[in-house]
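What follows is a structure written as structure tokens; I'll ask about it next.
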Amino acid sequence: MTEPALVASGLTRRFGGLVANDNVSITLEHGRVHALLGPNGAGKSTLINLLSGDLAPSAGSIRLGTREIAGLGAAQRSRLGLGRSYQKTNIFGSFTVHENCRLAAQARRQRPWRIFANAIADRATNDIADAALETTGLRSQHARLAATLSHGEQRQLEIAMVLATGARVLLLDEPLAGMGAQESARMVELLRRLAPAHAILLVEHDMDAVFAVADEITVMVEGRVLETGSPESIRASAAVREAYLGTEAEN
Amino acid sequence: MKHSPPWLLLGLAALALAAFPLLGQAFYVELLAKVMIFAIFAMSLQLLAGVAGLVSLGHAAWFGIAAYTLVLMAPKYHPANLWITLPAAVLAAAAAAFVVGLLVLRTRGIYFIMVTLAFAQMFYFVFHDTGLGGGSDGVYLNFKPEARIAGHLLFDLGNSTHFFYVSLGAMAAVFLLLAAIRRSPFGHALDGMRANEQRMRALGFPVMRYQLAAFTLAGGLAGLAGYLAACQFGFVNPELLAWHESGNVLLMVILGGLGQLHGAILGAFAFALLQEGFASVTRHWQLPMGVVIVALVLFLPGGLASIAARLRRPRS
């Protein structure tokens, strides 16, 4: 269990002349929440996209367990247990809540050639979807159309779908974005419950939430890793204060 | 997502169709057989456009390739064997769709429409400008293919009543196959990809492979329709692959209702019967036809299939 869940090293991504990620290295451990902080434009979402496979890195390597995955597509990485959620809610609005999760669970055992099977009658898939809805507290909403959920519930559904794919490593891009205090508290509590069985990378602007759940924090500025350390050391770091927290305090 | 078709209505319609040849209207038996072939063609495009969300404007290519495959395989002085030529024609159409799909599925939306159109035009000009299939004049099919089991003729495609029932059987089989696919994991995955491709990829679905499978299957089923059309007309020419054929079949799908399997059948019937009706009144049938199509799209955006759904809704 000392093997890290995910190790990215030297990740670089250029967009033309802009270096959005410059030699970024980060390590995620099982059972721990690793928060990623940084001002807007620091390259946090780019890093998530590089890790998830939505973007191909210009250079660098990513190891998931013992396997090198930098050359694989997003779908393959997902099937290997790497799941992500999106900063902007990205669900199937015209499908029911249950179907959103059922599709995610179906991704585990796809068997598309079974064209005479009834997709919605598959016990194993339904059980996985129901369990994910139960964990995220959406079980009672299962029959509603996803588009009719409240913003907070949609964010929860986003997480439920990632869980239903069976992901062990979760890349969560601002799961608290746009949430009220009560919804935020519920999400923080959910993250705490998920932490023991997962390796979590959490991108989040809500400082209270970050310091409440993070075991480790990486601060990025202008595409580079400024500092990685425990929440206490990050809080105490002069460099971080100057580059990031300081600028916010001035505002 | 629920897609269950109105089974009762469809069953009654199938029974009515099956009884139709008893009326002895030979002209209409042949017309309806032709319409049912187009219904198969439209259903194959429905899988692509309505289910997978890939609107192709080159679907006539697969129809025409299968039609040409039959005619080019058929011996000159005796009938071809249906058990060999039918699978060969369907496989030829599916294989061509597979190869083209590998290339065109890298594009989306308007680009996908343009690239599928371009490939269909390439096939059109292969048959139009080379001696492969008689050039722009086309080729005759001298004998209808024969379907023999242990030496016995199972049915005679030259007999218009037999041909009618073969077409009806093929249409029903294609409908049932596609209805099964819609409720299968494969169909649900295609629904997801139509709604949000990026999300499906993030969930772990190899989107391109699913779409290629749908594109190939749609090509093969369009090939089945093309094979039957060649049997019925006894003649093929490059116009079978022309872009306005691709346009017509897309219109049938839109008229009937994008995304509803039985909509493709309704659309094919409405299209053909309107065409027949207007053509019997005026030589300029395309004018009233255009007006009707514009009106239907404006006032019934869900297509003809949405009428049945509207009628059913109050009860449930």
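We name chains A, B, ... by the order of the sequence lines, and we start the count at 1 in each one. Keep in mind it's a predicted model, so treat the numbers as computed, not measured.
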Q) Where does A:Phe116 contact chain B at under 4.5 Å (heavy atoms): side chain, backbone, both or neither? A) both
Q.
Quick check for you: among A:Ala167, A:Ala74, A:Ala75, A:Ser78, which has the greatest number of heavy-atom pairs under 4.5 Å with chain B?
A. A:Ala75
Q: Return yes if a side-chain donor-acceptor contact under 3.5 Å exists between A:Tyr86 and A:Glu174, otherwise no.
A: no
Q. Taking every heavy-atom pair that is under 4.5 Å apart, which of A:Asp122, A:Asn90, A:Asp54, A:Thr165 has the most such pairs with chain B?
A. A:Asn90
Q: Taking the side chain as every heavy atom from C-beta outward, state whether B:Leu178 and B:Val174 have any pair of such atoms under 4.5 Å apart.
A: yes
Q: Taking the six-membered ring for Trp and the single ring otherwise, decide whether the centroids of B:Phe175 and B:Trp7 are under 6.0 Å apart.
A: yes
**Q.** Interchain contact, A:Ile91 with chain B, by part (heavy-atom threshold 4.5 Å)
**A.** backbone
Q. Which answer fits A:Arg102, side chain, backbone, both or neither, if we ask what part of it has an atom under 4.5 Å from a heavy atom of chain B?
A. side chain
Q.
Heavy-atom pairs under 4.5 Å with chain A - which of B:Met200, B:Arg209, B:Arg201, B:Arg199 has more of them than the others?
A. B:Arg199
Q: Name the option with the most non-hydrogen atom pairs under 4.5 Å to chain A; the candidates are B:Ala189, B:Gly192, B:Ala195.
A: B:Gly192
Q: Fit a plane to each ring of B:Phe215 and B:Phe112, take the angle between them on a 0 to 90° scale, and name the class: parallel (under 30°), tilted (30 to 60°) or perpendicular (over 60°).
A: perpendicular
Q: Fit a plane to each ring of B:Phe41 and B:Phe63, take the angle between them on a 0 to 90° scale, and name the class: parallel (under 30°), tilted (30 to 60°) or perpendicular (over 60°).
A: parallel
Q. Yes or no on salt bridge (Lys or Arg N to Asp or Glu O under 4.0 Å) for B:Arg108 and B:Glu197, after CA distance, side-chain angles and deciding distance?
A. CA-CA 11 Å; B:Arg108 289 291 176 268; B:Glu197 206 176 302; 2.8 Å; yes
